[in-house]
Engineer: 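Could you have a look at this structure, given as structure tokens, before my questions?
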2 protein chains.
Amino acid sequence: MEKNVTTENVRAQMRKGVLEYCILLLLAKEDAYASSIINKLKEANMIVVEGTLYPLLIRQKNQGLLQYRWEESPQGPPRKYYSITQKGREQLEEMNNAWGEIVTTIENIKN
Amino acid sequence: MEKNVTTENVRAQMRKGVLEYCILLLLAKEDAYASSIINKLKEANMIVVEGTLYPLLIRQKNQGLLQYRWEESPQGPPRKYYSITQKGREQLEEMNNAWGEIVTTIENIKN
DNA sequence: TTTTGGTACTTTGTCTTGCAAGGTATTGTT
DNA sequence: AACAATACCTTGCAAGACAAAGTACCAAAA
């Protein structure tokens, strides 16, 4: 059964490829915890939900791109603050290049 | 000099979100058959293999974005020429917008 | 003190999709 | 007939996005 393709689906599809890139971009600027990352991405029109972000952060941590520390919250449970590692910054360098190339490639195909 | 594995993974990841977009962009310019599409994308640095492209073309056809006709080949078996439909062009419009927004979003996150 | 509401992190199951590998089919050449 | 080149298609696996449900912590209200 083919699903009806909506505008949202198109955007969702395109977001997938750059999600990890966005996380590293954000964390390169400042440490953050999952819920705050979701809000920042939402503000930038890059919708992500918990079920996507948490496993993604764990994957990036397991790859050595991120590390985390626990911090008390003014209200509620403690927060897991993620920060980017040296390896993460190198990966981000690669991603910057890759992103630039993709953008160029699309431009080329468009002519 | 060979690029390391992770670099290739990063590029592959980012390509995923825009593959369908690239197909429609190409077919909006001229009809093409699968093997030629693979070559055109390869020239544009957007590597795709048969096992990816054939199911993708079938999906897009089932969604009404593409149609096809058989044409004799000067050498070898007949070719399945795909062309974009009206619905496909409308979808392409959406994708152009979506792509523009993603590019803008990334720029925003960078700053 | 129990309940409630807000915040935060985690896991499970499903669905889609990319891809390697192998298969089928047609045509021209040896 | 055998082979090479071209072209299309399928299968099985793996990764990942997401909805939904679960766990846990804290503070203020009942």
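So that the names make sense, note that chain A is the first sequence line, chain B the second, and so on, each numbered from 1.
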Engineer: Around atom NZ of B:Lys29, are there more than 12 heavy atoms of other residues, nucleotides or ligands at under 6.0 Å?
Structural biologist: yes
Engineer: Please work out which residues in residues 13-40 of chain A have a non-hydrogen atom less than 4.0 Å from an atom of DNA chain C and list them by number.
Structural biologist: A:Gln13, A:Tyr33, A:Ala34, A:Ser35
Engineer: Can you check side-chain contact (heavy atoms from CB on, under 4.5 Å) on A:Ile106 and B:Cys22, steps first, answer last?
Structural biologist: CA-CA 7 Å; A:Ile106 297 290; B:Cys22 289; 3.6 Å; yes
Engineer: Return the value, rounded to whole Å, for the distance between atom CD1 of B:Ile58 and atom P of C:dT17.
Structural biologist: 13 Å
Engineer: Do the non-hydrogen side-chain atoms of B:Ile109 and A:Leu41 ever get within less than 4.5 Å of each other?
Structural biologist: yes
Engineer: Which heavy-atom pair separates B:Thr85 from B:Gly64 by the least distance, and what is that distance?
Structural biologist: OG1-O, 2.6 Å
Engineer: Which nucleotide sits closest to the side chain of B:Thr52: D:dT10, C:dT10, C:dC19?
Structural biologist: C:dC19
Engineer: Taking only the side-chain heavy atoms of B:Arg79 (C-beta and beyond), determine which of C:dT11, D:dC8, D:dA19 contains the nearest atom.
Structural biologist: D:dC8
Engineer: Could you state the CG-P distance from B:Asn9 to C:dG18, rounded to the nearest angstrom?
Structural biologist: 15 Å
Engineer: Spell out protein contact along nucleotides 22-30 of chain D as letters: B when the base is contacted, S when just the sugar-phosphate is, - when no protein heavy atom is under 4.0 Å; keep the 5' to 3' order.
Structural biologist: ---BS----
Engineer: To the nearest Å, how far apart are B:Met46 CE and C:dG18 P?
Structural biologist: 12 Å
Engineer: Select from A:Ile47 and B:Tyr68 the residue whose nearest nucleotide in DNA chain D is closer to the 5' end of that strand.
Structural biologist: B:Tyr68
Engineer: Under a plain distance cut-off of 3.5 Å, with no hydrogens placed, do B:Tyr21 and B:Asn96 share a side-chain donor-acceptor pair?
Structural biologist: yes
Engineer: Between A:Tyr54 and B:Leu56, which has a closest nucleotide on DNA chain C that is more 5'?
Structural biologist: A:Tyr54
Engineer: Can you confirm whether more than 12 heavy atoms, excluding those of A:Gln75, are under 6.0 Å from its CD atom?
Structural biologist: no
Engineer: What is the separation between atom CD on A:Gln60 and atom P on D:dG16, rounded to the nearest whole Å?
Structural biologist: 10 Å
Engineer: Please state how far atom CG in B:Leu53 lies from atom P in D:dC8, giving the value in whole angstrom units.
Structural biologist: 9 Å
Engineer: For A:Pro78 and A:Trp70, which heavy atoms make the closest approach, and how far apart are they?
Structural biologist: O-CZ3, 3.7 Å
Engineer: What closest approach, in Å, do B:Thr105 and A:Ala44 show between heavy atoms, and which atom pair accounts for it?
Structural biologist: CG2-O, 2.9 Å
Engineer: Could you report the tightest heavy-atom contact between B:Arg15 and B:Ile47, atom names first, then the distance?
Structural biologist: NE-O, 3.8 Å
Engineer: Give a yes/no on whether any side-chain N or O of B:Arg59 is located under 4.0 angstrom from OP1 or OP2 of C:dC15.
Structural biologist: no
